[in-house]
Amino acid sequence: MGSLLGIYLAKRGYNVSIFERRADMRKEKVEAGRSINLALSDRGIKALREVGIDQQVLDLAIPMHGRKIHNPDGSLAFQPYGKRGQFINSVSRRELNCRLMDLAESEGVIIRFNYKCVSINWEENKLNFETTHQSGSYKSIAADLIFGADGAYSACRLTHMLNHSSFNYQQSYINCGYKEISFPAGKNGNFLLEKNALHIWPRKHFMLIALPNTDGSFTGTLFFPLQGEFSFDQFDTEKKVDDFFSLQFPDVLPLIPDLSRQFFEHPTSTLVTVKCYPWIRDDRFCLIGDAAHAIVPFFGQGMNAGFEDCSVINSLIEKHAHNWKKILEEFQEFRKPDADAIADLAVGNFIEMRERTADPSFLLQKKIEARLYEKYPDMWIPAYSQVTFSPNIRYSEALQNSMRQETIMQQIMSMPGITEIWEQEKLERVILDKMANKV
């Protein structure tokens, strides 16, 4: 996030420095266990294209043309994304960050590592850092404009919040954590699962997903309740892990020889949604990306939303001729409704992925929606396509549209004999009339 914003600003002629709490990951050994692969889609690609780096990033990605559903009985089903030819892209979080840092430095952006923000002096607009590579060493850095792009647990947001008289803050966790499980590549780097798909093992109260990597491996993530009788707490021996996977994911166990070792070595992490306001202070400070609007990963839009933030700021620089008071005020007012909307959509998509993707009624509903989209793209765009493949539709508009469409589809799915009449043009006309009449 910080690297991309730095590229945008450097291309506009600004002197940009990025201060990163961690060491330079480009020089360190890869640490497994804490990453969910990122799903780069049209909104993020549009932002990258605006600064001419889309192809450099897409070189790291693998197209995923749809969901590959692994049912409990061993059967497989494929659910394509959007229209024919539409896809999202699996990209390693680490590889993406490394590439963006390289590209930012090539634009003259200075990146300083091991700088942990501990506070901000608002009177002097100075950031106070602890230099973590030198214990007990502190530095203050002045800036004309500060962007807090430091993630869901933002130190910038905390000091902004604690020193603001009317800061609104909402943080919510779902009762579900996640644990990374790596699927190794096969012989000679072969993919042991279908390469160009996002794999899902939906099991109603929990699920496993896997996204492809360029080396033939897959990054898997188990989403499972944090508390309760049926939760991560139940796994206290390797045998219990193996027995659970053997029962729930029998096709997975043979693909991961060191499954139980990974399970206990990799941490269990939580999933948080953050909504807050205001994001800005006058013309000199702004929260952006997850620091302003952290969301759960189930719509694959966290990174894309953050990249879109950069694009919006860039357009406002042009509109307001570098008047940062106007830029930041309009950015906040414009993006806040969209940030809240994608947060709500992401939580809703968790339920869909976990519970509904294996439901025959849901699958039929998606077939009907896909048929409408194919034949009447100006009148019906499925919610997923609005969010993922339609960057000109705002998240807030997509939420409103999807709620109306879901109401209509629930009426349609309750019709007697829907499984026999779903391909009839008469049914299509009923749906489109409901849309036109805003039923």
Side-chain angles (χ1 to χ4, degrees), residues 1-24 101 104-105 107-169 171 274-294 306 309-310 312-314 316-336 339:
M1 172 58 57
S3 295
L4 180 59
L5 181 60
I7 293 169
Y8 268 99
L9 294 175
K11 285 183 175 292
R12 289 281 184 180
Y14 290 93
N15 295 320
V16 181
S17 294
I18 296 173
F19 296 87
E20 168 60 54
R21 178 177 58 85
R22 292 163 294 193
D24 189 344
M101 285 191 287
E105 288 179 335
E107 293 290 341
V109 175
I110 297 171
I111 307 177
R112 302 186 186 279
F113 298 96
N114 299 298
Y115 274 71
K116 178 183 177 181
C117 180
V118 292
S119 65
I120 300 174
N121 181 326
W122 298 110
E123 287 73 28
E124 301 179 20
N125 226 44
K126 284 185 176 180
L127 293 133
N128 300 315
F129 294 101
E130 178 185 2
T131 53
T132 55
H133 61 298
Q134 296 177 329
S135 180
S137 176
Y138 294 87
K139 292 186 178 181
S140 293
I141 307 292
D144 296 320
L145 175 59
I146 298 169
F147 283 97
D150 50 340
Y153 300 98
S154 167
C156 289
R157 184 182 65 230
L158 178 61
T159 189
H160 173 49
M161 176 173 66
L162 294 177
N163 291 276
H164 198 289
S165 60
S166 55
F167 189 85
N168 294 307
Y169 182 75
Q171 173 179 288
V274 171
K275 297 179 181 180
C276 66
Y277 189 87
W279 298 350
I280 68 171
R281 280 180 183 250
D282 301 319
D283 62 347
R284 53 202 177 98
F285 174 81
C286 182
L287 296 171
I288 190 171
D290 282 354
H293 48 77
D309 282 351
C310 299
V312 171
I313 284 176
N314 185 57
L316 294 173
I317 294 173
E318 188 73 29
K319 177 180 178 179
H320 294 300
H322 301 265
N323 182 328
W324 281 99
K325 183 172 179 58
K326 291 183 178 179
I327 292 167
L328 297 185
E329 286 176 350
E330 186 168 343
F331 169 71
Q332 173 178 255
E333 294 307 311
F334 181 80
R335 285 299 278 173
K336 173 62 173 168

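All values below come from the heavy atoms of this structure, side chains included, with hydrogens, waters and symmetry mates left out.
- Around CG of Asn323, the count of heavy atoms belonging to other residues, nucleotides or ligands within 6.0 Å exceeds 12.
- Using a 4.5 Å cut-off on side-chain heavy atoms (C-beta onward), Tyr169 and Val274 make contact.
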Ignoring hydrogens and angles, write down the donor-acceptor pairs under 3.5 Å from the side chains of residues 138-147, residues two or more places apart or on other chains.
unit_1: Lys139; atom_1: NZ; unit_2: Tyr115; atom_2: OH; d: 3.4
unit_1: Ser140; atom_1: OG; unit_2: Asn128; atom_2: OD1; d: 2.6

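- Using a 4.5 Å heavy-atom threshold, the side chains of Met101 and Glu20 count as separate.
- Surrounding CZ of Arg281 are more than 12 heavy atoms belonging to other residues, nucleotides or ligands, all under 6.0 Å away.
- With a 4.5 Å cut-off on side-chain heavy atoms, Asn114 and Thr132 count as touching.
- Rounded to the nearest 0.5 angstrom, His322 NE2 and Trp324 CH2 are separated by 8.5 Å.
- Here the shortest heavy-atom pairing between Met1 and Gly289 reads CE-CA, 4.2 Å.
- For the atom pair OH (Tyr277) and CG (Leu287), the distance works out to 12.5 Å, reported to the nearest 0.5 Å.
- No more than 12 heavy atoms of other residues, nucleotides or ligands shown are found within 6.0 angstrom of CZ on Arg22.
- Here the closest heavy-atom approach between residue Cys276 and residue Ala291 is recorded as SG-O, 4.3 Å.
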Original post:
How far apart are the C-alpha atoms of Arg12 and Asn314, what are their side-chain angles, what is the distance that settles it, and do they pass the side-chain hydrogen bond (donor to acceptor under 3.5 Å, both in side chains) test?
Top reply: CA-CA 9 Å; Arg12 289 281 184 180; Asn314 185 57; 3.0 Å; yes
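- For the pair Ser3 (side chain) and Ala104 (backbone), a donor-acceptor distance under 3.5 Å is absent.
- Considering every non-hydrogen atom in both Ala10 and Val16, the closest pair reads N-CG2, 4.0 Å.
- More than 12 heavy atoms of other residues, nucleotides or ligands sit less than 6.0 Å from atom NZ of Lys275.
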Original post:
What's the verdict on side chain to side chain contact (heavy atoms under 4.5 Å, CB included) for Arg157 and Phe167, showing C-alpha distance, side-chain angles and the deciding distance?
Top reply: CA-CA 10 Å; Arg157 184 182 65 230; Phe167 189 85; 4.1 Å; yes
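- In terms of heavy-atom proximity, Asp150 sits nearest to Cys156 at OD2-N, 3.0 Å.
- Using a distance-only test at 3.5 Å, with no hydrogens or angles considered, a donor-acceptor pair links the side chain of Arg284 to the main chain of Trp122.
- Residue Asp282 holds its CG atom at 8.5 Å from CD of Glu329, rounded to the nearest 0.5 Å.
- Note on ring orientation: taking the six-membered ring where Trp is involved, the planes of Phe285 and His160 are tilted (angle from 30° to 60°).
- Between the side chain of Asn121 and the backbone N or O of Lys126 there is no donor-acceptor pair closer than 3.5 Å.
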Subject >> Full working for side chain to side chain contact (heavy atoms under 4.5 Å, CB included) between Ile313 and Tyr8 >> reply: CA-CA 9 Å; Ile313 284 176; Tyr8 268 99; over 6 Å; no
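- Shortest non-hydrogen contact noted between Ile288 and Phe331 is CG1-CZ, 4.4 Å.
- Between Asn163 and Ile120 there is no side-chain heavy-atom pair separated by less than 4.5 Å.
- Distance check: Glu107 CD to Tyr14 OH gives 15.5 Å after rounding to the nearest 0.5 Å.
- When every heavy atom of Lys325 is checked against every heavy atom of Asp283, the shortest pair comes out as N-CB, 3.5 Å.
- Taking CZ from Arg335 and NE2 from His293, the interatomic distance works out to 5.5 Å, rounded to the nearest 0.5 Å.
- Within the 4.5 Å cutoff, the side chain of Leu328 has no heavy atoms near those of the Trp279 side chain.
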